[in-house]
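Because the structure is predicted, anything quoted here is derived from the model rather than measured.
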Amino acid sequence: QNPALAPIEAGGRQAEALWIAELRNGIDKRVLRADLDAKVTYAVLMGSIFSSLRWYRHAGSLDSAAFADRFCDQVLLGLAAPAGSRGSTH
């Protein structure tokens with residue numbers, strides 16, 4: 001371990017703990033689904049956020065505000081169609 005990186009690693013652990021605490025708070029308050037695992041949800045969110053830094057291009061079809069809106073919609077509303085509108089494609 002590099003001692004120079006210790007503050008960065010500590011900050012990362014603090015940020016993770018904060019995110020997980022807030023996710024658990026949302027679960028407890030029933031703002032988020034009761035069946036969510038806060039640690040897995042944190043990993044999914046961070047993976048999604050960090051990977052978007054690699055492929056998102058400001059000059060593309062979405063500006064940053066539109067991208068943020070779509071990202072939040074997909075995270076908060078999910079990917080599945082509402083139960084009443086689901087149909088078989090096979």
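Side-chain contact check for Leu32 versus Leu23: some heavy-atom pair is nearer than 4.5 Å. Considering only heavy atoms from C-beta on, Leu5 stays 4.5 Å or farther from Gln1 through its side chain.
The residue from Asp73, Val75, Asp69 that alone fulfils the side-chain contact (heavy atoms from CB on, under 4.5 Å) condition with Phe71 is Val75.
The two atoms that bring Arg33 and Ile27 nearest to each other are O-CG1, 3.6 Å, heavy atoms only. Closest non-hydrogen pair, Pro7 versus Pro3, comes out as CD-O, 3.9 Å.
Atom OG1 in Thr41 sits 10.5 Å away from atom CE in Met46 (nearest 0.5 Å).
Note on Ile20 and Leu45: same hydrophobic cluster, where clusters join Ile, Leu, Val, Met, Phe, Trp and Tyr whose side-chain heavy atoms are under 4.5 Å apart, directly or indirectly. Under a hydrophobic-cluster definition in which Ile, Leu, Val, Met, Phe, Trp and Tyr are linked whenever side-chain heavy atoms come within less than 4.5 Å, directly or via other members, Trp19 and Phe50 are assigned to the same cluster.
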* **Worked verdict on Lys39 versus Asp37 for salt bridge (charged side-chain N to carboxylate O under 4.0 Å, His left out)** => CA-CA 6 Å; Lys39 289 184 178 182; Asp37 179 305; over 6 Å; no

